[in-house]
Amino acid sequence: MSVRVRFAPSPTGYLHVGGARTALFNWLFARQKGGVFVLRIEDTDVERSTPEMVEGILEGLRWLKIDWDEGPFHQSQRLNIYRRVGHQLLERNHAYHCFCSPELLSQKRAQAPHGGRDWQYDGTCRRLSNDEIRSRSEAGAPFAIRFRVPEDQMVSFPDLVYGDIQVESGNIEDFVILRSDNSPTYHLSVVVDDAEMNISHVVRGADHLSNTGKHVLLYQALGEKLPTYVHVPLILGVDKKRLSKRHGATSILEYQRGFVPEAMRNYLARLGWSPRGDDEEIMSEERLIQLFDLSRINKANALFDPKKLEWTNARHIISLPASELESQVRPFLQKDALWDSAWEGTDRQWFLNTLDMIKPRARQLPDFTHLGRPFFSDEFEYESEAVRKYLTSEDSESMYQLIQAIQSLAGAYLKLEPFNLETTEQVLRYVGDQHQIKVGRLIGAIRVALTGEAVAPGIFDVIITLGKERTLERLDRVLLYLQ
RNA sequence: GUCCCCAUCGUCUAGCUUGGCCUAGGACAUCGCCCUUUCAAGGCGAAAACACGGGUUCAAAUCCCGUUGGGGACACCA
């Protein structure tokens, strides 16, 4: 049997972390099985759905490199199909007219004990005679169509994650399938679409687990074969509450502000799922597709851990070649005016090498701006803490010594040929010895002189990356500053 | 409230199906040490969990029941 899965977001909100993971699980499964991934937009709630939300969701999927084979289908364009099926159910007595107004219903609910939380539709219209239905509808009374839930039936279905689930039909109320304005409810439209689109595996959030009984009943009434259900546990915030603004981001797109998509999907895939053997944390796309296994998804909800996401991000940044990192880092550099068109032309190789040099220190994308500033620009300040630590001394004798050392280093570098990793280090160590100054101290001062900061890549890498000319300029500049 | 689901270090998890190999393994975070020109990275190490109570069994993290805790669903929203 061929695998057909779908991701069916509702554009009444953003694509959040949990939704993104559900999409990813579907996609991973489809790609592994050579199946088809269908994208379907569940926008039957016209009031709350917006085209902007749809665009945002698609953008989020694209960012995560989750591509779809069919769709996006819009339920709002398929309304007639649901109406037809709804009326078919009515004709076959699997559903009935309900004339109870929403007002009446909410009144009854309000009067029920426990604030009506456990109130179910009481079946007032369940046994209306044909004459009564005819006379009421001819009188223009609005009606909804409710599904006739069979009495005393055990509704059960297998779930790939949760095992066999059973619910007594008595716990399922006669739910509305077509509203009085003839629009379908969610339960009708999902089942109709999943059946019609030949979906083999319904992989969705566990918040739908308790709706599934209704869906199973609908499948039975329609005489359709049940798909394999795969309910994926929810992702909660660290306080075990639903993920919300307080925990970071509502939309997956907000993570573009710091994370590479490779890391995001790696983290999401490993959250609540682990490969057999479990010793792999950092996995490539190919590896994920190869090892992914729906039945190994953990049953318990998972808490979203931004720290581990960040670590995953750092690991992916390190292993990403500079040529791939470039396009992701570029917007951040541009924003801080650190981008030069030469990086695309003559200086491209130098630029890529520099990225490779600074990337082990980056945890998030914006880190590249301060990490890269000393190389991509000549304008930087001496960071005050760095000055305090490396360019200051209580004792004027040792300050003088330091200045002398920097001066002779500048002089030596000026004549140094070839100017490379080995020679610059040899010279620096020699100068340090000559001036009886600890190499660590000299290097510290030079680091601040060249980068403005106390933290930077290895000093000789910095020197070579800057080149002789810029190194000398900066040494002159610091001497001026110190005198 | 009713129904459904879940329960291993702070967090993500391995182990649970097919009880003994578990003195419960790995990863993030934390702390310490090493490497070292700073900071990362890397290496080594420490601390840290089977929610609780009953069974079943020669033996239970693993099977069963209950308790507690957590989550979800209970709309003419999706």
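Reminder, nothing fancy here: chain letters follow the sequence lines and each chain counts from 1.
For the pair A/Asp293 CG and B/A14 C1', the computed distance is 15 Å after rounding to whole Å. At whole-Å resolution of the value, CD in A/Gln166 and P in B/C4 are 10 Å apart. To the nearest angstrom, P of B/U11 lies 12 Å from OH of A/Tyr267. Rounded to an integer number of Å, the gap from A/Arg296 CZ to B/C16 C1' is 11 Å. For A/Glu47 and B/C76, the CD to P distance is 16 Å, given to the nearest whole Å. When rounded to the nearest whole Å, the span between NE2 of A/His187 and P of B/A75 equals 9 Å.
The side chain of A/Leu105 lies closest to B/C76 when the candidates are B/C28, B/C76, B/A78. The A/Ile165 side chain lies nearest to B/C4 when the options are B/C4, B/A29, B/A14. Among the nucleotides B/C28, B/A78, B/A14, the one closest to the side chain of A/Ser274 is B/A14. The side chain of A/Asn211 lies closest to B/A73 when the candidates are B/C76, B/A29, B/A73.
Here A/Glu453 lies out of heavy-atom contact (under 4.0 Å) with every strand. Within 4.0 Å of A/Glu310, counting heavy atoms only, lies no atom of the nucleic acid at all.
Not counting sequence neighbours, A/Lys438 has no partner by the salt bridge (charged side-chain N to carboxylate O under 4.0 Å, His left out) test. Every residue meeting the side chain to side chain contact (heavy atoms under 4.5 Å, CB included) condition with A/Pro227, not counting sequence neighbours, appears here in chain and number order: A/Val202, A/Tyr219, A/Tyr229. Applying the side chain to side chain contact (heavy atoms under 4.5 Å, CB included) test to A/Asn182 and every residue at least two apart in sequence or in another chain returns A/Arg83, A/His87, A/Leu178. Taking A/Leu160 as the reference, A/Thr228, A/Val230, A/Leu294 meet the side chain to side chain contact (heavy atoms under 4.5 Å, CB included) condition, with sequence neighbours excluded. Annotation: salt bridge (charged side-chain N to carboxylate O under 4.0 Å, His left out) contacts of A/Asp293 (sequence neighbours excluded): none. Legend: residues meeting side chain to side chain donor-acceptor pair (under 3.5 Å) with A/Thr12, ordered by chain and number and at least two apart, are A/Ser10.
No donor-acceptor contact under 3.5 Å links the side chain of A/Thr185 to the base of B/C76.
With values rounded to the nearest 0.5 angstrom, A/Phe376 atom CZ is found 9.5 Å from A/Leu371 atom CG.
For residues 352-371 of chain A, every residue pair satisfying the salt bridge (charged side-chain N to carboxylate O under 4.0 Å, His left out) rule, not counting sequence neighbours, is listed here: A/Glu310-A/Arg363, A/Asp356-A/Lys359.
A cation-pi contact links A/Arg146 to A/Tyr121, judged by a cut-off of 6.0 Å to the six-membered ring centre and 45° from its axis.
Ion pairing of A/Glu281 with A/Lys308 is present here, as a side-chain N (NZ or NE/NH1/NH2) and a carboxylate O approach within less than 4.0 Å.
For the pair A/Arg146 and B/C76, the criterion of a side-chain N or O lying under 4.0 Å from OP1 or OP2 is met. One finds no side-chain N or O of A/Ser189 lying less than 4.0 angstrom from the OP1 or OP2 phosphate oxygen of B/A78. In terms of phosphate contacts, A/Arg109 brings a side-chain nitrogen or oxygen within less than 4.0 Å of OP1 or OP2 of B/C76.
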Open item on the list: Within the 4.0 Å limit for protein heavy atoms, which parts of nucleotides 33-48 of chain B are touched? Write it as a string from 5' to 3', B for base, S for sugar-phosphate only, - for none.
Closed with: ----BBBBSS------
Short N/O separations, protein against nucleotides 66-72 of chain B, under 3.5 angstrom:
{"residue": "B/G71", "atom": "OP1", "partner": "A/Lys241", "partner atom": "NZ", "Å": "2.9"}
{"residue": "B/G71", "atom": "O2'", "partner": "A/Asn301", "partner atom": "ND2", "Å": "2.7"}
{"residue": "B/G72", "atom": "O2'", "partner": "A/Asp207", "partner atom": "O", "Å": "3.4"}

